[in-house]
There are 2 protein chains.
Amino acid sequence: MKTPKISEAVVRRLPVYLRYLQELQELHIRTVSSYELGQKLDMNPAQIRKDLAYFGEFGRKGIGYEVNYLVEKIKQILKIDRHLNCALIGAGHLGIALSNYNRFTQEKLSIAAIFDNAPDKVGTSVGTLTIQPLDELEQMVRERDILIGIITVPATEAQKVADRLVEAGVKGILNFAPVSLRVPTHVSVRNADLTTELQTLAYYID
Amino acid sequence: MKTPKISEAVVRRLPVYLRYLQELQELHIRTVSSYELGQKLDMNPAQIRKDLAYFGEFGRKGIGYEVNYLVEKIKQILKIDRHLNCALIGAGHLGIALSNYNRFTQEKLSIAAIFDNAPDKVGTSVGTLTIQPLDELEQMVRERDILIGIITVPATEAQKVADRLVEAGVKGILNFAPVSLRVPTHVSVRNADLTTELQTLAYYID
DNA sequence: TAGATTGTTAATCGATTAACAATC
DNA sequence: TAGATTGTTAATCGATTAACAATC
């Protein structure tokens, strides 16, 4: 897979294509054109073709894209065709919600450990997992080959947790805490802060 | 407030500035330069100055920006200086998590009603609210002046809920369901789909 | 005053869109 | 074949960054 230099904008659109293509799969639709995709996703067809063409020639001129094939290709590109273990740090309401949410949607991206320091939470089960104390973070990351940390602790703790995740060897962080994390360049961070989203939305009201 | 044509990229950065400025407020720091902000947020200082300058002249040459003043200004720009009522549709784990999360962070952006159709949930309390059946959505949106809908129902239900929210007069939707919603242009949608975020993150692993 | 830092213009860089030859 | 649709190049558009006069 030759990746000349793909912009984040392109990468962010791939999961959106994938999601819709999977809907088409369920409807047993075999083929789709960039025009149809563009109509449904409210995007420019040229952009869709260009995005996909960064990674290879997946379509057929005069025909369009074969849905099943494109689904597999996008999964490969995103590297979600293989297992990827995540650790969840912070077993509050949001953490529990995510660990459930996760279970029945993407079995390839799975939560392999949950941590919290509250004494009344440690030892409690969440699905098939048991909440562990934060002390055990580093050990578990290594033992269970965890590559992604999902941070759902309070803002004041988030940087400390991020530092420990980085130190333990995690490659990516999904951060739900409302702070800008500082991490080395070899670690990717994505922010999923609800407050920020709501505030952005407020701007567009009226 | 003259707003020539502000790009979404600019609007998305304002809450990030705000968040850090509020941290500075707590530390009783009175003044900050675009250079310092840039250092901390890992952004170009010229960009920060330009972003802010779209909305007015908030700084002082040779000095920088007065923290308290800038916080107030950004709140005004984002329109979070006034109350804004949201409705939450879907009282699953994620919905409950959000309604709690929300309570103690942003009192100006508050959840004013929670809906779910599951018979075992209707009538149950969540904080000070009682879960209501979806039938009552339109009525509540009107009665309680709800301008934003937060969708945390399953993907299959999300478009139906969005249609009803739009019909009831909501101006913005924060969508947690993994589907691309279709709404009229006068309604803003922001997507906060965890799966999409995780998949994007996976691309950057290794 | 001298040093610092803004607001803004101009230069650069990158992303989106249009157009079309290639071809199924 | 004729119509459709890709992959890709070129044109456009927009966003970021650099530079600097204005000025606190």
Side-chain angles (χ1 to χ4, degrees), chain A residues 1-17 20-21 24 29-74 77 180 200 203, chain B residues 1-17 20-21 24 29-74 77 180 200 203:
Chain A
M1 203 120 301
K2 60 225 145 160
T3 46
K5 189 171 275 178
I6 309 297
S7 80
E8 204 197 295
V10 174
V11 179
R12 273 207 319 264
R13 286 191 292 265
L14 296 177
V16 178
Y17 302 151
Y20 181 59
L21 289 163
L24 294 180
I29 291 168
R30 306 186 74 89
T31 264
V32 69
S33 69
S34 62
Y35 174 80
E36 292 169 298
L37 281 170
Q39 285 288 72
K40 192 67 181 187
L41 300 176
D42 207 15
M43 296 175 124
N44 185 304
Q47 181 171 69
I48 296 172
R49 292 200 299 280
K50 196 155 203 284
D51 283 353
L52 297 173
Y54 281 118
F55 304 97
E57 305 200 356
F58 302 143
R60 287 212 292 157
K61 295 185 174 69
I63 309 291
Y65 299 91
E66 210 263 288
V67 175
N68 291 333
Y69 180 71
L70 192 52
V71 163
E72 289 315 307
K73 281 299 173 187
I74 294 179
I77 295 163
S180 295
T200 305
Y203 176 84
Chain B
M1 201 121 304
K2 62 231 146 161
T3 46
K5 189 172 276 179
I6 309 298
S7 79
E8 203 197 296
V10 174
V11 178
R12 272 207 319 263
R13 287 191 292 265
L14 296 177
V16 177
Y17 302 151
Y20 181 59
L21 289 163
L24 294 181
I29 290 167
R30 307 186 72 90
T31 264
V32 69
S33 69
S34 61
Y35 175 80
E36 291 169 298
L37 280 169
Q39 284 287 76
K40 194 65 181 189
L41 300 176
D42 208 14
M43 296 175 125
N44 185 304
Q47 181 171 69
I48 296 172
R49 294 200 298 280
K50 197 154 203 283
D51 283 354
L52 296 173
Y54 281 118
F55 304 97
E57 303 200 357
F58 303 142
R60 287 213 290 157
K61 295 185 173 70
I63 309 291
Y65 298 90
E66 211 263 288
V67 175
N68 290 334
Y69 180 70
L70 193 52
V71 163
E72 290 314 308
K73 281 298 174 187
I74 294 179
I77 295 163
S180 295
T200 306
Y203 176 84

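Residue numbering restarts at 1 for every chain, and letters A, B, ... go by the order of the sequence lines. All values below come from the heavy atoms of this structure, side chains included, with hydrogens, waters and symmetry mates left out.
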Separation of atom [atom1] in [X] from atom [atom2] in [N], rounded to whole Å:
X       : N     : atom1 : atom2 : value
B/Lys73 : C/dT6 : NZ    : P     : 18 Å
B/Phe55 : C/dT8 : CZ    : P     : 14 Å
B/Phe58 : C/dT8 : CZ    : P     : 11 Å

Does either side chain, that of A/Arg12 or that of B/Thr200, offer a donor lying less than 3.5 Å from an acceptor on the other one?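 Checked: A/Arg12/B/Thr200 side chains show no N/O donor-acceptor pair below 3.5 Å.
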Do [X] and [Y] have side-chain heavy atoms sitting under 4.5 Å apart?
X       : Y        : value
B/Arg30 : B/Val67  : no
A/Ile74 : A/Tyr17  : yes
B/Tyr65 : B/Thr31  : no
A/Phe55 : A/Val10  : yes
A/Val16 : B/Ser180 : yes
A/Leu14 : A/Ile77  : yes

Side-chain N or O of B/Tyr65 closer than 4.0 Å to phosphate OP1/OP2 of C/dA4: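 Checking B/Tyr65 against C/dA4: no side-chain N or O falls below 4.0 Å of OP1 or OP2.
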Nearest listed nucleotide, side chain of B/Arg60, among C/dT8, C/dT6, D/dC24: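 Among C/dT8, C/dT6, D/dC24, the one nearest the side chain of B/Arg60 is D/dC24.
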What's the closest nucleotide to the A/Ser34 side chain, out of C/dT6, C/dT8, D/dT6? D/dT6
Where DNA chain D forms stems, i.e. three or more consecutive Watson-Crick or G-U pairs with both distances under 3.5 Å: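 DNA chain D stems, ordered by first number: C:3-24 with D:3-24.
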For B/Ser33, does its backbone N or O pair with a side-chain atom of B/Glu36 as donor and acceptor, under 3.5 Å? yes
Let me have a per-nucleotide readout for nucleotides 13-23 of chain C, 5' to 3', with B, S or -, counting only protein heavy atoms under 4.0 Å. --SBBBB--BB
